[in-house]
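Submitted below is the structure of interest, expressed as structure tokens.
As the structure is a computational prediction, the values presented were derived from the model and not from experiment.
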Amino acid sequence: MKDTEIKRLLTANVICIFSVILTSIIPSLLLKNFSILDTHLTWLCICSSSIGIINIILHMIFKPYLSTRRYSLAHKATRFVKCCVYFFISCIVFHGIIVLYGAPLLESVWETFLFAVLLSTFTTLPCLCLLGPNFQIWLRVFSKNGAMSIWDNNLQITTTCSVVGAWLGAFPIPLDWDRPWQVWPISCSLGATFGYMAGLLIASLWIYWNRKQLTYKSR
């Protein structure tokens, strides 16, 4: 395994981790009465947009899957539109799944949708950046032994940790502790965020630790 490629991945993951941290620090300095708990919807918008932009910029800088083919402007525009459509569909699908798991159907619709956007930012957007709008490649990456690069392994780990974190975050909500962070969807969104950060850290450590044993089939 090439050390340069691992360093690029580790750098990208560290930047993403610090970006999440900064979404709770910088707004508190610029916005009056800002806090993750009291103005949670504002934080959801800031975090989703910031992490989304960072992922896109990092993909443009590092270009993990650099292709030698030159695509036309029309092809690139079509691909971009497809990615936007798929991301919106992902938000709708996550919204529906969240409701099926017990979120309010008619109440707190905006809160549930923004939480779905956050989950899509942590899971679907990196897949769109790295793999494009091709579900066959997605299925290949997330199948057993389907990873063909360290970037695929990174996607597998961070996506899984984000979803698991969101699921674990729902456990405290029905408890009668009457804590401010038990208001929907604060604990779930924080769980997804911590899961995403943990996934980035775990993926970095796992890939670095197993760098000598990692071998992949050609794409």
Subject >> Enclosure of Trp181 CH2 (heavy-atom neighbours >12, cutoff 6.0 Å) >> reply: yes
Subject >> Path from Phe87 to Ile92 over hydrophobic side-chain contacts below 4.5 Å >> reply: yes
Original post:
Is there side-chain contact between Trp151 and Arg8, with heavy atoms separated by less than 4.5 Å?
Top reply: yes
Original post:
Looking at CG of Leu22 and CD1 of Ile54, how far apart are the two atoms once the value is rounded to the nearest 0.5 Å?
Top reply: 9.0 Å
**OP:** Is it possible for you to say whether Leu190 and Ile26 belong to one hydrophobic cluster, with membership spreading through side-chain heavy-atom contacts below 4.5 Å?
**Re:** no
**OP:** For residues Ser120 and Ser90, report the shortest heavy-atom separation together with the two atoms involved.
**Re:** OG-OG, 2.9 Å
Subject >> Verdict with reasoning, Phe34 to Ile46, per side chain to side chain contact (heavy atoms under 4.5 Å, CB included) >> reply: CA-CA 11 Å; Phe34 174 86; Ile46 294 174; 4.1 Å; yes
Original post:
Between OG1 of Thr11 and CD1 of Ile6, what distance do you get to the nearest 0.5 Å?
Top reply: 11.5 Å
**OP:** Mind checking the CD1-CG spacing from Ile53 to Leu125? Nearest 0.5 Å is all I need.
**Re:** 10.5 Å
Subject >> Polar contact flag, side-chain donor to acceptor under 3.5 angstrom, Asn13-Asn154 >> reply: yes
Original post:
Does CZ in Phe194 sit with more than 12 non-hydrogen atoms of other residues, nucleotides or ligands closer than 6.0 Å?
Top reply: no
**OP:** Using the six-membered ring wherever Trp is involved, compare the ring planes of Trp110 and Phe113 and label them parallel, tilted or perpendicular (cut-offs 30° and 60°).
**Re:** parallel
Original post:
When you measure from the side chain of Gln182 to the backbone N and O of Arg179, does any donor-acceptor pair fall under 3.5 Å?
Top reply: yes
Original post:
Is there a side-chain contact between Trp43 and Thr193 (heavy atoms, below 4.5 Å)?
Top reply: yes
**OP:** Taking all non-hydrogen atoms of both residues into account, name the closest pair between Pro174 and Ala170 and its distance.
**Re:** CD-O, 3.5 Å
**OP:** Indicate the atoms forming the closest heavy-atom contact of Cys161 with Gly195, along with that distance.
**Re:** CB-O, 3.1 Å
Original post:
Taking all non-hydrogen atoms of both residues, which atom of Ser19 and which atom of Ile51 are closest, and how far apart?
Top reply: CB-CD1, 3.8 Å
**OP:** Could you tell me whether the side chain of Ser204 and the main chain of Leu200 form a donor-acceptor pair under 3.5 Å?
**Re:** yes
Original post:
Do the non-hydrogen side-chain atoms of Ile21 and Met197 ever get within less than 4.5 Å of each other?
Top reply: yes
Subject >> Test item: Ser35 side-chain N/O and Asp38 main-chain N/O as donor-acceptor pair under 3.5 Å >> reply: yes
Original post:
Does Ile157 offer a backbone N or O that forms a donor-acceptor pair with the side chain of Thr160 under 3.5 Å?
Top reply: no
Subject >> Shared hydrophobic cluster, Val164 / Val141 (ILVMFWY, side-chain heavy atoms < 4.5 Å) >> reply: no
Subject >> Short side-chain to backbone donor-acceptor contact, Trp206 and Leu201, under 3.5 Å >> reply: no
Original post:
Closest approach of Ile56 and Cys129, non-hydrogen atoms and distance?
Top reply: CG1-SG, 4.0 Å
Subject >> Steps toward side chain to side chain contact (heavy atoms under 4.5 Å, CB included) verdict (Phe171, Ser187) >> reply: CA-CA 9 Å; Phe171 280 84; Ser187 62; over 6 Å; no
**OP:** Spell out, yes or no, whether Leu105 and Leu100 are grouped together once hydrophobic residues are joined by side-chain heavy atoms under 4.5 Å, including indirect joins.
**Re:** no
Original post:
For the side chain of His40 and the backbone of Ile36, is there at least one donor-acceptor N/O pair under 3.5 Å apart?
Top reply: yes
Original post:
Where the side chain of Ser50 meets the backbone of Cys47, is there a donor-acceptor pair that is under 3.5 Å apart?
Top reply: no
Original post:
Rounded to the nearest 0.5 Å, how far does OG1 of Thr112 lie from CZ of Phe94?
Top reply: 14.0 Å
Subject >> Donor-acceptor pair, side chain of Arg79 and main chain of Lys76, under 3.5 angstrom >> reply: no
Subject >> Flag, side chain of Thr159 to backbone of Gln156, donor-acceptor distance under 3.5 Å >> reply: no
**OP:** Report yes if some heavy atom in the side chain of Arg140 is under 4.5 Å from a heavy atom in the side chain of Asp152; otherwise report no.
**Re:** yes
Original post:
Is any side-chain heavy atom of Thr124 less than 4.5 Å from a side-chain heavy atom of Leu119?
Top reply: no
Original post:
Which heavy atom of Leu128 sits nearest a heavy atom of Pro133, and at what distance?
Top reply: CD2-CA, 4.2 Å
Original post:
Any side-chain heavy atom of Ser48 within less than 4.5 Å of one from Leu114?
Top reply: no
**OP:** Assess the pair Trp184 and Phe115: is the distance between their ring centroids shorter than 6.0 Å?
**Re:** yes
Subject >> Spacing of CG belonging to Leu131 relative to CG belonging to Leu155, to within rounding of 0.5 Å >> reply: 5.5 Å
Original post:
Does the side chain of Cys84 come within less than 4.5 Å of Phe88's, by heavy atoms?
Top reply: no
Original post:
Do Val117 and Leu41 belong to the same hydrophobic cluster, where Ile, Leu, Val, Met, Phe, Trp and Tyr are linked whenever their side-chain heavy atoms lie under 4.5 Å apart, directly or via other members?
Top reply: yes
**OP:** With rounding to the nearest 0.5 Å, note down the distance linking SG in Cys188 to CD1 in Ile98.
**Re:** 7.5 Å
Original post:
Is it true that a side-chain atom of His95 and a backbone atom of Ala116 form a donor plus acceptor pair closer than 3.5 Å?
Top reply: no
